[in-house]
Structures are given as structure tokens and as C-alpha cells.
Amino acid sequence: MLSATVPPPVTSPSLPRPRGPVSAAVLDALRGGPVRVDVSGADPYGDDVQLALHCCYELHYRGFDGVDDDLEWDPALLAVRGDLERLFLAALRADVEAGADVAAEVDALLVEPVGPDVGGVSHHLRRDGELWQLREYVVHRSIYHLKEADPQAWVIPRLPGPAKAALVTVEHDEYGGGDPDRMHARLFADMMRELGLDDSYGHYVDSVPAETLAEVNLMSMCGLRRSLRGALVGQFAAVELTSSPGSQRLVRAMRRLGCGPAAIAFYDEHVEADAVHEQIIRRGVLGPLLAAEPGLAADVVFGIRAYLHLGDRLGERLLDCWSRGASSLRGDTVGA
Amino acid sequence: MPAERREVVLTEEGPVLVSGPVEIVLPDGRRVTADRPVNALCLCRRSRRYPICDTSHRTRTREDS
Ligand code: FES
Ligand SMILES: [Fe+2]
Ligand SMILES: [Fe+2]
């Protein structure tokens with residue numbers, strides 16, 4: 001495993017195109033200009049704010065080509081990120097019903113709705129999705145999956161012992177159990193190439209709408225802010241608890257549409273992996289975490305609901321566009 | 001004797017959790033490997049990937065219009 005082939009040199013993505021005054025000001029600052037960003041009155045879920053947040057967060061992951069790495073800790077830019085986060089968080093807190101019953105929340109996620117009328121993107125793709133829709137779905141998902149498990153890695157040092165050990169067990173599996181060729185981000189990239197998509201990191205940022213960026217921004221926000229560690233764990237739990245049946249539907253969609261082995265392999269792996277991850281997250285992470293820090297229950301519920309809320313928004317956009325035969329992406333960038 | 005006892009966790013709702021790597025021998029002699037640090041093996045018999053749990057043990061609710 002340690003003798004894997006030499007990987008290609010790491011490259012940082014280029015800066016995306018601005019989507020309004022806030023993101024334009026952040027991009028100017030990243031190019032070395034003065035930090036003059038006013039977020040007042042901006043739409044928290046809109047393209048402008050979500051792209052601006054995405055750019056602030058990317059400094060903590062891969063950075064950008066031609067952008068000074070040290071801007072990650074620039075006090076003025078961090079203040080802008082704080083303003084954007086307050087805006088986003090306030091909207092989420094207002095739109096997501098508060099609760100503190102984690103067990104009830106988990107139980108609800110473990111019930112599988114079935115039947116011909118169940119809505120949702122994976123149900124649609126399994127039943128009668130078309131190949132161009134499936135490829136668009138993968139493009140949306142690439143913003144997260146090309147850095148799969150990275151946003152959740154931020155929370156590791158913030159967890160008490162047993163919860164930390166269990167979360168790392170899941171993360172280790174996401175990172176391929178020590179085998180770079182089995183990393184989930186790598187399996188995703190393999191699938192992208194097989195589907196004729198560009199797997200370079202950040203390639204499709206300009207193509208995806210605010211709804212897609214918002215899901216990943218939630219993860220980064222909760223991962224980077226220790227005060228939101230409960231929400232991060234809730235978000236991670238929501239993914240792991242719902243992924244296995246959804247992945248099974250995507251395997252069936254891929255098979256029906258005649259996709260190749262790499263395309264099937266990514267979701268196939270997630271059927272089995274996330275059946276296990278569900279168990280580890282519930283028993284090993286949520287249980288011990290809430291025993292050690294019972295005060296985090298409301299944040300865990302918030303993380304679950306905020307993630308589902310943003311997932312619903314993205315799902316509605318996809319299904320709405322597709323029902324009109326229209327692309328769910330910005331511009332015609334995939335050639336699907 | 002192995003140096004350390006392996007943990008096998010029986011869950012209430014579905015699979016048994018077994019630390020890997022393990023090899024499972026099925027009644028027909030077929031062998032299946034499960035190499036994750038933790039593996040979920042199906043006890044409900046509903047898995048389409050038996051003996052690996054695929055969450056088919058979950059409660060289903062029918063949604064009709
Ligand atoms: S125990 Fe999970 S599918 Fe049978
Ligand atoms: Fe994964
Ligand atoms: Fe997972």
C-alpha cells in the first residue's frame with residue numbers, strides 16, 4: 001500500500017468567476033487586492049454569498065492557483081468569512097426547526113420510504129433518469145466527493161476519546177483504509193473520467209449553483225468552527241445513515257443506463273461501507289459524544305436538519321430543471 | 001490462540017458487527033471476505049448482498065399518493 005505509484009503533481013484550481021458584488025470583492029482580495037467586502041442585504045442562500053463562502057473555505061483545503069497560501073489566516077479575510085457565516089447560519093437557524101431528541105431524529109432517518117410515489121433525486125434516477133441527468137448529478141456531487149471526508153476530518157481533535165476513535169474508524173475507511181487507490185475521493189474521480197467528465201479538483205465550481213455549494217459550505221463551516229462540532233457530527237450522521245439505500249438506487253440507475261465498472265463501483269462501495277458507517281456513527285460516535293457532552297444534542301439535531309434542508313433545496317432544483325428537460329447546471333459546461 | 005479476543009457485536013435491529021479482516025464460509029461452501037476494520041454481516045437474511053448487510057433490515061413505510 002505504501003508502494004503505490006507516484007501520484008501526479010498537486011495543482012490548485014484556478015479562481016472561479018464572480019457571481020455578484022460579494023464574491024467579486026472576495027475574489028479581488030484573493031488576487032491581492034484590498035479586503036472590501038460588504039455582505040449586508042445579501043441573500044444567504046444565493047449564488048453570490050455561497051460562492052464567496054466557498055472561496056473563503058477553499059483556502060483551508062487546496063487553495064487557488066496564483067493565490068497566496070497565507071491568506072488562509074489573513075485577519076481581514078477571516079472577518080469576511082465570519083460575516084458570511086453569520087448570515088448563512090442565521091438563515092439556517094430560522095429555516096430549520098429546533099429540537100434536541102437525537103434518538104428520534106436517528107430513528108426517523110432509518111425508516112425507508114418505498115413505493116412508486118416516493119420523491120427524491122436518487123428515486124428519480126433509479127426509475128427513469130436519463131444519462132445526461134446522471135452525469136449532471138455526478139458533477140454536482142463532485143464539489144464534495146473530490147474532497148470526500150475532508151470537511152469532517154476537521155472535527156477529529158474536537159471530539160472526546162471514544163467518539164474520536166470511532167469517527168476516525170469511519171474516516172479511515174473513507175480514505176481507503178490506507179490504500180490510496182481505494183480512497184472514496186479516488187473512486188469518485190475514476191467514475192467521473194469513465195463518465196467522460198473532468199475529474200480535476202474544482203473543475204466544475206463555475207458550473208454548479210448555490211444549492212450545491214451550500215451543502216458543502218455547511219460541512220466546512222461546521223468542521224472549521226469548534227462551536228459547531230455537534231452540528232458537524234449531526235451532518236456526518238445524516239450522510240452515513242441515508243447513504244446506503246440511496247447508493248443502491250444509484251447503482252441500479254448506473255446499471256440500467258449501461259455505465260461502466262468504475263461508475264458502478266463508487267456507489268456500490270457505498271452500499272456496503274455506509275451500512276457499516278451507520279452502525280459506527282450511531283454506536284461509536286453519537287452515543288459516546290452525547291454521554292460526554294449532553295449539551296450538544298440540540299446542535300446534533302440542527303446539523304442533521306440543516307443538511308437535510310439544504311439537500312431538499314438542491315433536490316428540488318434538480319428535479320424541477322429536469323422535469324422541464326433543462327440542465328440543472330449554470331451555463332452549458334458539461335456538454336452532456 | 002489469537003493474542004487478542006475479537007469483538008463481535010450483535011445489534012438489536014439488524015446485522016452483527018465483526019472486526020475484520022474475516023472470511024465467512026457459507027452453507028454451500030462459498031467463501032466471502034470482509035476486510036473492513038468493522039464489517040456488518042446480515043442476520044435478517046433480506047440483504048441482496050448476503051452475507052453482507054445492505055440495510056435491507058430497515059423498516060419500510062409505503063408512500064402512496
Ligand atoms: S441485517 Fe442488514 S440487511 Fe440483513
Ligand atoms: Fe464514502
Ligand atoms: Fe461513509
Side-chain angles (χ1 to χ4, degrees), chain A residues 1 103 106-120 123 165-179 182 184 240-252 255 264 267-285 287, chain B:
Chain A
M1 287 181 196
V106 165
D107 286 347
L109 287 178
L110 293 178
V111 173
E112 243 337 86
V114 292
D117 301 316
V118 181
H123 288 274
L167 186 121
V168 168
T169 304
V170 177
E171 287 282 272
H172 183 59
D173 214 22
E174 307 289 356
Y175 289 130
D179 180 354
R182 298 291 308 162
H184 290 181
E240 298 295 353
L241 268 58
T242 54
S243 157
S244 189
S247 297
Q248 180 61 50
R249 289 188 283 275
L250 288 160
V251 167
R252 290 172 70 182
R255 290 223 166 92
I264 291 167
Y267 286 107
D268 201 53
E269 157 70 6
H270 280 84
V271 175
E272 291 179 19
D274 289 336
V276 180
H277 297 173
E278 171 218 314
Q279 299 287 345
I280 302 175
I281 292 277
R282 284 167 53 213
R283 288 155 201 281
V285 180
Chain B
M1 278 290 284
E4 262 180 72
R5 286 204 173 86
R6 294 197 170 224
E7 191 179 73
V8 173
V9 178
L10 294 166
T11 70
E12 224 171 289
E13 76 284 4
V16 54
L17 308 179
V18 181
S19 51
V22 285
E23 197 163 348
I24 304 134
V25 185
L26 297 175
D28 62 3
R30 196 161 57 95
R31 286 171 176 268
V32 177
T33 53
D35 296 341
R36 292 175 202 286
V38 181
N39 302 277
L41 305 184
C42 174
L43 291 188
C44 79
R45 294 252 171 187
R46 267 179 284 177
S47 174
R48 285 198 210 90
R49 292 151 188 260
Y50 189 83
I52 307 293
C53 165
D54 70 353
T55 71
S56 293
H57 59 266
R58 288 189 186 176
T59 312
R60 282 145 201 264
T61 50
R62 246 201 120 65
E63 271 187 23
D64 295 308
S65 50

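Letters A, B, ... are given to chains in the order of the sequence lines, protein chains preceding strands, and every chain is numbered from 1. These numbers come from the heavy atoms of this one structure, side chains and all, not from hydrogens, waters or symmetry mates.
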Checklist entry - Does the pair B/Thr55 and A/Gln248 meet the rule for a side chain to side chain contact (heavy atoms under 4.5 Å, CB included), with working shown? => result CA-CA 10 Å; B/Thr55 71; A/Gln248 180 61 50; over 6 Å; no
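- Of the two parts of B/Ser56, neither the backbone nor the side chain holds a non-hydrogen atom closer than 4.5 Å to a non-hydrogen atom of chain A.
- Applying a 4.5 Å heavy-atom cutoff, the residues of residues 34-49 of chain B that approach chain A are B/Arg36, B/Pro37, B/Val38, B/Asn39, B/Ala40, B/Arg48, B/Arg49.
- With a threshold of 4.5 angstrom between heavy atoms, A/Asp268 approaches chain B through its backbone and through its side chain.
- Neither the backbone nor the side chain of A/Arg182 has a heavy atom closer than 4.5 Å to any heavy atom of chain B.
- The distance from the CD1 atom of A/Ile280 to the CG atom of B/Leu17 is 7.5 Å, given to the nearest 0.5 Å.
- A distance of 5.5 Å separates CD of A/Glu272 from CD1 of B/Ile52, quoted to the nearest 0.5 Å.
- Nearest heavy atoms, B/Cys53 versus A/Ala275: O-CB, 3.5 Å.
- A heavy-atom distance below 4.5 Å is not found between the side chains of B/Glu13 and A/Leu110.
- Annotation for B/Glu23: atom CD counts as buried by contact number, over 12 foreign heavy atoms lying within 6.0 Å.
- A/Pro116 and B/Arg62 get closest at one heavy-atom pair: CD-NH2, 3.4 Å.
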